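These numbers come from a predicted model, not from an experiment. Every chain is numbered from 1 and lettered A, B, ... according to where its sequence line falls, protein lines coming before strand lines.
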Amino acid sequence: MNEREPGAAAETAPSESDLLRNRRENLRRVGELGLPTTAFRFPVDATVSEIRERYAGIDAERLESGKPAVVTAGRVLALRTAGKAGFLDLSDGRTRVQVYLRRDAVGDAAFELYRALDLGDWIGVEGEVFRTRTGELSVKAQRLSLLAKCWRPLPEKWHGLKDVESRYRQRYLDLAVNPDSRAVFERRAAIVRHIRAFLEARGYLEVETPMMQPIAGGAVARPFVTHHNALDLPLYLRIAPELYLKRLVVGGMPRVYEINRNFRNEGISTQHNPEFTMLEFYQAYAEAKDLVQLTEELLSGLAVAVTGSAQTPWSGATLDWTPPFKRLTMRDAVVAFSKEDPRGEIRREDLAREEGLLAAAERYEVDAPERFRGRKGKLLAEVFEAVAESHLVQPTFIEEFPTEVSPLSRQRPDDPEWVDRFELYAGGMEIANGFSELNDPEEQALRFRRQAEERERGDLEATAYDADYVEALEYGLPPTAGEGLGIDRLTMLLTDSHSIRDVILFPLMRPRT
RNA sequence: GGGCCGUUAGCUCAGCUGGUUAGAGCAUCGGCCUUUUAAGCCGGUGGUCCUGGGUUCGAGUCCCAGACGGCCCA
């Protein structure tokens, strides 16, 4: 066993290598039959899914009289031999169709090829569609081609690939054997497609703005830092496209949108991936409440378009996307949800005073609330998050945000402590954030200075002063409302997925050591 | 960052208070089978029990440290 003789490596190899060697041996057999072991192209005229759709309602007799011919291809996911005949399941990643082979129909060489197939091999099949005596839609093969060998064993046929780490690290295996996973990403694409069509129909122009920015603005978050060598310039991966999109509105593009990646150098969780996809859109001559209505229209139509219903499943419950969505002010939400919370009721008066807010923050275990002393707005936002967020399961707009936590929003004319802003929550997650845009350059400069002060006091999330953006505002931003909507979280909601990693093809993972 | 949980064959999982040579199903290998379908029947192969220390006559199992992952909290 431990003897090492020249050329005997295969004999001393561990078991996984046995599985690999068997596959290599099967490939060699195909070559010995004089058959191609690989292919450059294959003229598919019907995918597996198309075969299933096309012949779904056609019974055995009609198929027998018509003998419809198909040329199809896919991955072998099951093999069942039966003497001088055999079956295999061919997958296109969405669904499977059975292929039936008889030695007397395909000939000896093709049948030997069939016998040398391994699970996972890519094959091409020419044959006739028929139904077996149990009614199973099948393709009776006349020709069989090996298109590409699968050199490694695939996960098990019945349970699929369950190990979450492998599913994320080797997404190709997840997709190869778990059609549910494929369906999530198809739906994700459908969501983005629907959003584009919705906005295009309303005159929005899709644009692309910088992902690498000299100043990372437009949101409250820590950025990733990089460097441009030729310009010897520090750059940040964007945390939001906001300030560039509004520059476009200054430039006279009244309706713009962008669907693309943002990057935030923060923790990873079931709701956070360092890179994530946002829709941001801006509409001139509008204010926040116009976008509230637009959002309801977009999401209710979207739910119907991609799931077939305005009621969508969410961990055993149902989300109802029928407009109008619920509406609550931030303060009302805190008061209402704290009533039944064992951590104690918070009264409206508590929210008016700093001491009341600090006490509430303490009770609701906000991390180190003392650091927010002198910032009532920030404290309220923290308390809201701790008290209310998890309760906001049905789509709900939270309205009335403190100016202090909204450096880019327009104040309410009747009370400058508050801005004209909303956030949409669903499934206990924030999924959208919109507001009437601050278009007064002097006020914007003031807000930036306040943020800079916070930054100096150690708040690494505070936004930096962006003089170039203030200058743009000086050329005049028309009254405008804008909104950001998280595509990943929206996809989670519409696919009943409870981790953001389940809706991102390749979520960030620590490299395997 | 903190707490809890997990890591055993290619995959999905058992493995009790430490005690024979670590098991099952699927996959794989050999044989039989021309409408099977989680095909079936007969017979085999396959293990860095995550890693490194420690306790013990004896460790997959207990202890410590670490790696990776999951969930919850922040």
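- At the heavy-atom level, A:K84 lies under 4.0 Å from base atoms of the strands shown.
- Shown here, B:U34 forms no base pair; nothing in the strands shown gives a Watson-Crick or G-U wobble contact with both key distances under 3.5 Å.
- Pairing partner, B:C68: B:G6, with both Watson-Crick or wobble hydrogen-bond distances short of 3.5 Å.
- Along RNA chain B, the nucleotide nearest to A:A85 and the one nearest to A:S269 differ in position, and the one closer to the 5' end is contacted by A:A85.
- A:H391 and A:F337 have parallel rings, their planes meeting at less than 30° on a 0 to 90° scale where 60° marks the start of perpendicular.
- Remark: P of B:U28 and CZ of A:R115 are 14 Å apart, rounded to the nearest angstrom.
- In this structure, the CD1 atom of A:I500 is 13 Å from the P atom of B:C72, given to the nearest Å.
- Closest to the side chain of A:R501, from the set B:U34, B:G70, B:C68, is B:G70.
- Taking every side-chain heavy atom of A:L19 into account, B:U28 is the closest of B:U36, B:U28, B:G70.
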(message) Using side chain to side chain donor-acceptor pair (under 3.5 Å), reason through A:R182 and A:S91 one step at a time and then give a plain yes or no.
(response) CA-CA 12 Å; A:R182 166 73 168 266; A:S91 166; over 6 Å; no
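- Rounded to whole angstrom, the span from the CZ atom of A:R52 across to the C1' atom of B:U37 amounts to 11 Å.
- The base of B:U34 is paired with the side chain of A:R102 by a donor and an acceptor separated by under 3.5 Å.
- Picking from B:U12, B:U36, B:G10 the nucleotide with the shortest atom distance to the side chain of A:L161 gives B:U12.
- Put simply, the side chain of A:T81 and the base of B:C33 share a donor and an acceptor less than 3.5 Å apart.
- Counting non-hydrogen atoms under 4.0 angstrom, A:F130 reaches a base of the nucleic acid.
- With P as the reference atom, B:G15 and B:U28 are 27 Å apart, rounded to whole Å.
- If you take atom C1' in B:U61 and the same atom in B:A27, they sit 28 Å apart, rounded to whole Å.
- Rounded to the nearest Å, the gap between the C1' atom of B:G60 and that of B:C16 is 13 Å.
- The 5' end of RNA chain B is approached more closely, in terms of each residue's nearest nucleotide, by A:E156 than by the other of A:E156 and A:Y100.
- B:U56 and B:A9 have their C1' atoms separated by 29 Å, with the value rounded to a whole Å.
- Comparing B:C71, B:C68, B:C29 by their nearest atom to the side chain of A:E165 picks out B:C68.
- Nucleotide B:G46 forms a pair with no other nucleotide shown, judged by Watson-Crick or G-U wobble geometry with both contacts under 3.5 Å.
- Distances from the side chain of A:L119 to the nucleotides B:C71, B:G70, B:A27 place B:A27 closest.
- Taking atom P in both B:A14 and B:U7, one finds a spacing of 8 Å when rounded to whole Å.
- Checking B:G25 for Watson-Crick or G-U wobble geometry (two distances, each under 3.5 Å) identifies B:C11 as its partner.
- Counted within 6.0 Å of CZ on A:F325, heavy atoms from surrounding residues, nucleotides or ligands total more than 12; the atom is thus considered enclosed.
- Residue contacts shown for A:G267 are absent, as no nucleic acid heavy atom lies under 4.0 Å away.
- For A:R169, counting side-chain heavy atoms from C-beta on, the closest listed nucleotide (B:U35, B:G69, B:G30) is B:G69.
- Between A:S138 and B:U35, a side-chain N or O to OP1/OP2 separation shorter than 4.0 Å is absent.
- Following rounding to the nearest Å, A:R24 (CZ) and B:G10 (C1') show an atom-to-atom distance of 16 Å.
- With a 6.0 Å cutoff to the six-membered ring centre and a 45° limit on the axis angle, A:R421 counts as a cation-pi contact of A:F401.
- Here CG of A:L137 is found 5.5 Å from CZ of A:R52. Values are rounded to the nearest 0.5 Å.
- Distance noted for atom P between B:U51 and B:C68: 15 Å (whole Å).
- Protein atom CG of A:D118 is 18 Å distant from nucleotide atom P of B:C26, rounded to whole Å.
- When each of B:U36, B:G69, B:A38 is scored by its nearest atom to the side-chain atoms of A:W158, the top-ranked nucleotide is B:A38.
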(message) Pair A:T47, A:S49 - check side chain to side chain donor-acceptor pair (under 3.5 Å), show working.
(response) CA-CA 5 Å; A:T47 66; A:S49 296; 4.7 Å; no
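- With hydrogens and angles left out, the side chain of A:T134 and the base of B:U35 share no donor-acceptor pair within 3.5 Å.
- Applying the 3.5 Å distance criterion, the base of B:U35 shares no donor-acceptor pair with the side chain of A:E136.
- The same atom, P, is picked in B:A59 and in B:G19; the two are 11 Å apart, to the nearest Å.
- Taking atom P on both nucleotides, B:G69 is separated from B:A38 by 37 Å, rounded to a whole Å.
- Atom P of nucleotide B:C72 and atom NE2 of A:H498 are separated by 10 Å, given to the nearest angstrom.
- Remark: B:A74 base-pairs with no nucleotide in the shown strands. Criterion, Watson-Crick or G-U wobble with two distances under 3.5 Å.
- Contact check for A:P274 versus A:E266: no side-chain heavy atoms found under the 4.5 Å cut-off.
- Across all strands shown, B:C16 forms no Watson-Crick or G-U wobble pair with both key distances under 3.5 Å.
- Distance A:I268 CD1 to B:C68 C1': 13 Å, rounded to the nearest Å.
- In this structure, A:R375 pairs ionically with A:E454, as a charged nitrogen and a carboxylate oxygen lie closer than 4.0 Å.
- In this entry the distance linking NE2 of A:H159 with P of B:A27 reads 12 Å, nearest Å.
- Taking only side-chain atoms of A:N22, from C-beta outward, the nucleotide of B:U35, B:C29, B:U12 with the closest atom is B:C29.
- Among the nucleotides B:G25, B:C68, B:C13, the one closest to the side chain of A:R510 is B:C68.
- A donor and an acceptor atom never sit less than 3.5 Å apart when one is taken from the side chain of A:D89 and the other from the base of B:U37.
- Here B:U61 sits opposite no nucleotide as a Watson-Crick or G-U wobble pair (both hydrogen-bonding atom distances under 3.5 Å).
- The side chain of A:D18 has B:G46 as its nearest neighbour among B:G46, B:A38, B:U34.
- Side-chain contact check for A:T403 and A:W418: no donor-acceptor pair (N or O, by modelled atom type) lies under 3.5 Å.
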